Visitor: 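Quick one: this structure, given as structure tokens, is what I'll be asking you about.
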Amino acid sequence: MKIDLTHMPRGLRLLQDPSLNKGTAFTEAERDALGLRGLLPPHVQTLDEQVQRFLVNQRKRSTTLERYIDLASLQDRNETIYYRVVTEYIEEMMPLIYTPTVGQACQQFGQIFRRSHGMYLSEKDRGNIANVLNNWPRRDIRVIVITDGERILGLGDLGANGMGIPIGKLALYTACAGIHPTQCLPIMLDVGTNNKTLLADPLYLGLHQPRITGERYDALVEEFITAVTQAFPKALIQFEDFANHNAFRYLYKYRDNVRMFNDDIQGTASVALAGIYSALRITGGQLRDQRFLFFGAGEAGTGVGELMVSALTAEGLSEADARKACWFIDSKGLVVTSRTDLNEQKRNFAQDQPQMKETLEIIQAFKPTALIGASGQPGTFTPQILEATARCAERPIVFALSNPTSKAECTAEQAYCCTGGKAVFASGSPFDPVEFGGQRFVPGQGNNAYIFPGVGLGILATGSRLVPEEMFLTAARTLADCVTEYDLEQGRIYPSLTRIREVSRTIAVAVARVALERGLATEPVADDLEAGIEELMYKPRYISYV
Ligand code: NAI
């Protein structure tokens with residue numbers, strides 16, 4: 001393909017533009033045409049050689065945080081190499097650009113900061129957000145991930161340091177679903193932080209002030225939503241790592257009018273439900289016969305619960321019976337109707353049961369077939385709890401979804417060992433395979449990255465005006481259908497990450513169909529939806545400039 005060179009940056013400016021830069025891969029002809037002669041070493045390399053050079057060096061690093069920094073610098077230098085590396089080596093790179101390493105990167109964001117990436121909007125921009133958004137050099141933005149940094153993974157309030165999360169998630173949109181990197185925009189909405197360590201840290205890069213709350217906070221979010229939907233009318237807005245008290249409110253406030261969703265609530269729900277569907281292919285039961293005991297009744301936990309209720313009612317259960325199949329334990333104990341401290345999300349799952357303080361007593365009474373951990377509290381699935389659950393179910397399903405790894409409710413090894421190898425296990429952050437009783441178990445990773453990139457691509461392909469709940473139910477079923485018998489034989493309830501692009505495309509097609517059937521599409525779509533969507537997917541390779 002020949003491109004118009006009139007507006008092409010030349011020389012050093014070209015080398016400094018990560019989306020155009022080819023570095024040592026600029027051909028002889030390009031070096032002549034674009035004023036690069038003398039600015040690069042003479043040997044012309046291929047993209048594959050550049051990838052290998054990066055990997056050889058990066059793998060010598062002694063810590064994963066150093067590898068994260070290498071990757072971030074590469075992303076700022078040359079997006080093509082970066083996405084080739086991340087796409088081709090996704091199993092190796094995902095834990096670096098996302099959980100668990102991204103958690104560490106966020107904790108030390110101020111120290112490892114090199115170059116700004118994405119946009120920072122803050123209290124200082126109140127009344128001026130529309131103008132600030134115009135500073136972004138690109139107009140055709142299709143996916144925005146925004147956080148206010150108040151609940152970063154299970155690590156709590158990290159303020160502006162939370163920017164690592166939108167950056168990482170958008171890298172996954174590109175790597176997993178081929179959303180073009182120039183169409184992605186990470187945004188940090190800095191409203192202060194209540195993290196005293198950060199406030200006292202001179203290297204902290206966010207506003208050194210406590211969080212604004214209440215009406216002032218809501219007004220800022222409202223201003224953002226108004227401005228962003230005007231500046232980038234085709235963008236999908238993903239809310240990420242907002243604290244519980246804001247996450248649900250904004251989801252309910254905006255989802256009927258704005259092309260938005262909350263990944264912690266809806267993405268987690270979808271990936272967990274998919275895991276349950278696949279786990280049932282191993283355990284042999286029906287969804288309607290399961291009893292789910294949730295640890296953690298927050299965004300992730302009740303999000304999963306609500307989608308589970310939708311799935312159960314779709315199988316013919318009454319809503320009341322579906323809710324009776326989902327018991328929740330939070331920091332105060334079992335969620336029951338006699339409690340007066342429950343928010344709306346918890347009240348929806350309050351059981352008409354006596355309060356029971358001891359978890360073992362709850363297990364005795366409820367006889368769960370599945371434990372779903374989304375408490376952010378490590379070790380909550382104690383050996384006794386795992387053993388007791390294994391007495392209630394032939395093959396107990398154990399999901400320790402809390403991130404990062406240090407917050408998981410139990411390790412993979414604990415899940416397998418304490419249940420005599422009977423558990424079907426998945427976690428939020430990756431665990432290595434476990435040898436137990438002469439068998440090898442491959443833990444599943446209930447990673448939202450199986451869901452949101454495909455959902456985003458389906459929305460991009462159709463221009464869906466909204467993101468209805470049905471899309472997450474559909475995505476869950478589609479993801480479960482992608483799991484092969486071979487995966488299940490190894491105890492793996494999610495497809496191998498090496499198939500993530502194919503999986504995302506399949507989910508995108510299913511989501512696009514929902515948009516079309518619901519009359520939500522605003523863009524013309526190809527007759528062959530699958531081929532049309534494949535065509536849209538960015539592939540990291542160089543194009544010829546001359
Ligand atoms: P949240 O703050 O909304 O909810 C936490 C819940 O845990 C609250 O209901 C709290 O009462 C409860 N809790 C605290 N201590 C407990 C204990 N000892 N036993 C039982 N419950 C307890 O937080 P959110 O957003 O729901 O996140 C929770 C965890 O889930 C985090 O670690 C987060 O990283 C993880 N998560 C994982 C995802 C994934 O793997 N795909 C996606 C989203 C969140």
Side-chain angles (χ1 to χ4, degrees), residues 94-95 98-100 102-103 106 147 150-158 162 165 168-169 172 238-249 251 261-276 293-307 327-335 339 341-350 356-359 362-363 371-382 385 399-410 425-431 443-452 472 475-476 479 494:
M94 179 98 82
Y98 209 64
T99 183
V102 75
C106 287
T147 187
E150 191 168 3
R151 199 240 59 197
I152 294 301
L153 304 172
L155 302 169
D157 182 356
L158 296 184
I165 299 292
K169 288 255 161 164
L172 294 180
Q238 172 172 328
F239 276 61
E240 187 68 40
D241 284 4
F242 280 71
N244 184 309
H245 55 111
N246 291 321
F248 284 104
R249 285 192 313 117
L251 177 62
F261 73 101
N262 181 301
D263 187 51
D264 303 296
I265 300 170
Q266 298 168 288
T268 311
S270 190
V271 80
L273 179 60
I276 297 287
L293 182 56
F294 290 81
F295 287 64
E299 293 174 53
T302 60
V304 178
E306 289 298 342
L307 197 64
W327 284 25
F328 281 80
I329 299 175
D330 69 3
S331 58
K332 310 265 168 49
L334 189 61
V335 173
R339 277 177 59 176
D341 61 339
L342 301 177
N343 63 20
E344 190 190 334
Q345 290 75 45
K346 294 184 187 186
R347 253 197 325 272
N348 289 336
F349 287 101
M356 297 172 237
K357 280 260 148 34
E358 293 299 322
T359 306
I362 296 168
I363 291 176
L371 301 180
I372 315 276
S375 63
Q377 302 298 316
T380 28
F381 293 170
T382 61
I385 287 174
F399 286 2
L401 295 180
S402 290
N403 292 327
T405 320
S406 61
K407 303 287 179 187
E409 283 75 11
C410 69
F425 176 78
S427 52
S429 299
F431 279 102
Q445 193 191 350
N447 187 330
N448 299 21
Y450 282 113
I451 296 291
F452 65 79
F472 293 97
L479 174 57
Y494 294 101

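Note that the structure is predicted; figures quoted are calculated from it, not measured. Ligands are counted one by one from 1 in listed order, and the atoms in each one are counted from 1 as well.
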Visitor: Please state which protein non-hydrogen atom is closest to atom 25 (O) of ligand 1 and give its distance, to 0.1 Å?
Guide: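 The closest heavy atom on the protein side is Arg151 NH1, 2.3 Å.
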
Visitor: For ligand 1, is any non-hydrogen atom under 4.0 Å from Thr380's backbone (N, CA, C, O), its side chain (CB onward), both, or neither?
Guide: side chain

Visitor: Taking the side chain as every heavy atom from C-beta outward, state whether Tyr494 and Val271 have any atom pair closer than 4.5 Å.
Guide: yes

Visitor: May I ask you to check whether Asp264 has an N/O atom sitting below 3.5 Å from an N/O atom of ligand 1?
Guide: no

Visitor: Does Phe239 reach the side chain of Ile265, with side-chain heavy atoms less than 4.5 Å apart?
Guide: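 Of all side-chain heavy-atom pairs linking Ile265 with Phe239, none is under 4.5 Å.
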
Visitor: Compare Ala243, Gly373, Gly376, Ala374 and give the one whose heavy atom is closest to atom 5 (C) of ligand 1.
Guide: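 That would be Ala374.
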
Visitor: Of all the non-hydrogen atoms in the protein, which one sits nearest to atom 41 (N) of ligand 1, and at what distance?
Guide: Asn448 OD1, 2.4 Å

Visitor: Just to confirm my output: which protein heavy-atom neighbour is closest to atom 11 (O) of ligand 1, and how far is it?
Guide: Ser331 N, 3.1 Å

Visitor: Heavy atom to atom 40 (O) of ligand 1, shortest distance: which of Ile451, Leu401, Asp241 holds it?
Guide: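 Residue with the shortest heavy-atom distance to the ligand atom: Leu401.
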
Visitor: How close does the nearest protein non-hydrogen atom get to atom 42 (C) of ligand 1, and which residue and atom is it?
Guide: Thr268 OG1, 2.9 Å

Visitor: Run the ring-centre check on Phe349 versus Phe294 and record whether the distance is less than 6.0 Å.
Guide: no

Visitor: Under a 4.0 angstrom heavy-atom cut-off, which atoms of ligand 1 come close to Ile329?
Guide: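 So the atoms of ligand 1 that pass are 20 (C), 21 (N).
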
Visitor: Would you mind reporting whether Lys169 and Val102 have side-chain heavy atoms less than 4.5 Å apart?
Guide: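 No, their side chains stay 4.5 Å or more apart.
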
Visitor: With a 4.0 Å cut-off on heavy atoms, does Asn447 reach ligand 1?
Guide: no

Visitor: Side-chain contact, heavy-atom cut-off 4.5 Å: Phe399 with Val304?
Guide: no

Visitor: Please check this pair: side chain of Ser402 against backbone of Ser375, looking for a donor-acceptor N/O pair closer than 3.5 Å.
Guide: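 Yes; judged by distance alone, with no hydrogens or angles, the pair exists.
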
Visitor: Have a look at Gly296, Gly303, Ala449 and point out the one with the heavy atom closest to atom 7 (O) of ligand 1.
Guide: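 Nearest option to atom 7 (O) of ligand 1, by heavy atoms: Gly296.
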
Visitor: Below 4.0 Å from any atom of ligand 1, is there a heavy atom belonging to Lys346?
Guide: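 Contact check Lys346 vs ligand 1: positive.
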
Visitor: Give the atoms of ligand 1, by number and element, whose distance to some non-hydrogen atom of Gly446 is under 4.0 Å.
Guide: 39 (C), 40 (O), 41 (N)

Visitor: What residue and atom, counting heavy atoms only, is the protein's closest point to atom 31 (C) of ligand 1, and at what distance?
Guide: Gly154 CA, 3.8 Å

Visitor: Side chain to side chain contact (heavy atoms under 4.5 Å, CB included) with Arg339: which residues, sequence neighbours excluded?
Guide: Asp330, Lys332, Val335, Val336, Asp341, Leu342, Gln355

Visitor: Is there a donor-acceptor pair under 3.5 Å between the side chain of Arg151 and the backbone N or O of Leu153?
Guide: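 Checking the backbone N and O of Leu153 against the side chain of Arg151, a donor-acceptor pair under 3.5 Å is found.
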
Visitor: Measure the distance from atom 29 (C) of ligand 1 to every protein heavy atom, then report the residue, atom name and distance (to 0.1 Å) of the closest one.
Guide: Ser402 OG, 3.4 Å

Visitor: Between Lys407 and Gly376, what is the shortest heavy-atom contact and its length?
Guide: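 Scanning both residues, the minimum pair turns out to be CD-O, 3.5 Å.
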
Visitor: When you measure from atom 26 (O) of ligand 1 to every protein heavy atom, which one gives the shortest distance, and what is it?
Guide: Ala300 N, 2.9 Å

Visitor: Taking 4.0 Å as the limit for heavy-atom contacts, which would you say applies to Gln377 with ligand 1: side chain only, backbone only, both, or neither?
Guide: side chain

Visitor: Can you list the atoms of ligand 1 that are under 4.0 Å from a heavy atom of Gly298?
Guide: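 Counting from 1, the qualifying ligand atoms are 1 (P), 3 (O), 4 (O), 6 (C), 9 (O), 26 (O).
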
Visitor: What atoms of ligand 1 come closer than 4.0 angstrom to any heavy atom of Gly428?
Guide: 40 (O)

Visitor: What protein heavy atom sits nearest atom 9 (O) of ligand 1, and how far off is it?
Guide: Ala297 N, 2.9 Å

Visitor: Looking only at non-hydrogen atoms, find the nearest pair between Ile451 and Gly267 and report the distance.
Guide: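 In this case the closest contact between Ile451 and Gly267 is CG1-O, 4.1 Å.
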
Visitor: What pair of heavy atoms forms the shortest contact from Tyr450 to Leu479, and how long is it?
Guide: CB-CD2, 3.5 Å

Visitor: Show the nearest heavy-atom pair for residues Ala272 and Leu401, with the distance to one decimal.
Guide: CB-CD1, 4.2 Å

